[in-house]
Amino acid sequence: MKKRYDRAKTMTKIICVCGARPNFMKIAPIMRAFKANGNFQTLLVHTGQHYDQNMSRLFFDDLGIPAPDVNLEVGSGSHTVQTARIMERFEPVVLDFKPDFVLVVGDVNSTIACGLVAVKLGVKLIHVEAGLRSFDRTMPEEVNRVLTDSISDLLFVTEQSAIDNLKKEGVNSEKVHFVGNVMIDTLLANKEKAQRSDVLRRLGLSEREYGVITLHRPSNVDDMAMFSQIVAAFEEIQKELKLVFPIHPRTRNRIKGNALAGRIEAMKNLLLVEPLGYLDFLCLMSNAALVLTDSGGIQEETTILGVPCMTLRKNTERPVTITEGTNRLVEITKEGILKGYCKIKIKRAGKNDDSSHKTPKLWDGKAAQRIVRIIAGA
Ligand code: UD1
């Protein structure tokens, strides 16, 4: 490895970090854009925060991401343990590679852990997907976002609200660049390919005749009373619309052996499946009648796909998906979810997509190219 580092003395050296499932679709177009530029020497570091085949490896395969140069293999743990372990294992990598920049994406524990290591070593930090705020500090991701932004040297944002938030927090506007959305770069690059997935056939589904569920936020799945309300709504909805639920390992662990697991398994029209790869999931989402989720990225993806999205959260850090997209927040009670479901049913009655949605500014598939151009000039 040393040899490789020396050969590229004139190139800009950059460590790109990924660690958890939603990071992989963000890092893919960035790695491609660095390669296309030709003036960067990249080191791809996977922290190993997510490690199951279907939470990590499948995404590298589906998205053609080069194999990580380094895997820190940190695995699961409490937030403190996970963050500390990433920091300890990342520091020697930075010391060895001596990068000009460290680039982190999103808002997971790997993002703040590696960001903090970079600045402590005096390396410039780049945050992709900066400025998003739910204003809910009980969300682990919100803390990660605020902290990462406050120590970053270059902040790339996806929507106007992020620029406004950073301005209010006193971030120098010269550091902030509105570039679009790298997650949407990946979606647009893979949309056609995803249609060739046979996931609908495998699961026995027909276009627009099912809903997709994803659920993993601690606020929903760690609180059994809350989770029970959500399950009660699913029990009603599945009486008229088939539901597919690729279950996150965290959610599966939470309900293992308790009454909720029994209720979920007892629903005749709810299909519980393992987490899917990127292309299968994109195909599933694009052909769905609606999506029920607590994910951040899925709010953005459904906006571009024109598929109605019910977000089971009190807030969203991605308000453009509501003002311009197909997203709506629903109250997390049985009644609240059913009310949201009925509104979608009435609005859509027979139509395949939500014709009122717009494409947010610069969500055009070129965000990664803009990012690399700006870093090259920095
Ligand atoms: C993490 C991110 C969250 C993101 C989500 C997407 C943080 C704070 N949270 O949450 O923002 O939306 O990823 O998935 O970084 N597990 C496995 N196999 C895996 C990974 C996890 O079984 O490959 C299980 C373990 O029981 C683990 C639990 O899931 O303890 C939670 O994993 P963790 O990475 O801590 O957080 P997520 O809930 O996945």
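One is the number of the first residue; the rest follow in order along the sequence. As the structure lists them, so they are numbered: ligands from 1, and atoms in each ligand from 1. As a basis for the values below, the full set of heavy atoms in this structure was taken, side chains included, without hydrogen atoms, waters or symmetry mates.
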Going by distance alone, is a donor N or O of one side chain under 3.5 Å from an acceptor N or O of the other, for S161 and E159?
yes
Flag N144 as yes when one of its N or O atoms lies below 3.5 Å from any N or O atom of ligand 1, and as no otherwise.
no
Ligand-side contact atoms (ligand 1) for residue partner H248, heavy atom cut-off under 4.0 Å:
14 (O), 37 (P), 38 (O), 39 (O)
Check if H79 has a non-hydrogen atom at a distance under 4.0 Å from any atom of ligand 1.
yes
Say you draw a straight line from CE of M310 to CD1 of I237; how long is it, rounded to the nearest 0.5 Å?
5.5 Å
Ligand 1 atoms in contact with Q82 (distance to a heavy atom under 4.0 Å)
34 (O), 35 (O)
So do the side chains of M267 and F245 get within less than 4.5 Å of each other, counting heavy atoms only?
no
T111 side-chain N/O to V105 backbone N/O, donor-acceptor pair under 3.5 Å
yes
I'd like the name of whichever of N109, T111, I112 reaches closest to atom 15 (O) of ligand 1 through any heavy atom.
N109
Under 4.0 Å, heavy-atom basis, I'd like to know which part of R250 is in contact with ligand 1: side chain, backbone, both or neither.
both
Can you figure out which of Q53, R217, H50 has its heavy atom closest to atom 36 (O) of ligand 1?
H50
For residues V330 and L312, determine if any side-chain heavy atom of one lies less than 4.5 Å from a side-chain heavy atom of the other.
yes
How about F24 and H50: are their ring centroids closer than 6.0 Å?
no
Identify the protein heavy atom lying closest to atom 3 (C) of ligand 1, giving its residue, its atom name and the separation to 0.1 Å.
E141 OE2, 3.2 Å
Considering only heavy atoms of P249, which atoms of ligand 1 have at least one such atom less than 4.0 Å away?
16 (N), 17 (C), 18 (N), 22 (O), 24 (C)
I'd like to check which ligand 1 atoms, numbered from 1 as shown, lie under 4.0 Å from a non-hydrogen atom of H216.
4 (C), 5 (C), 6 (C), 12 (O)
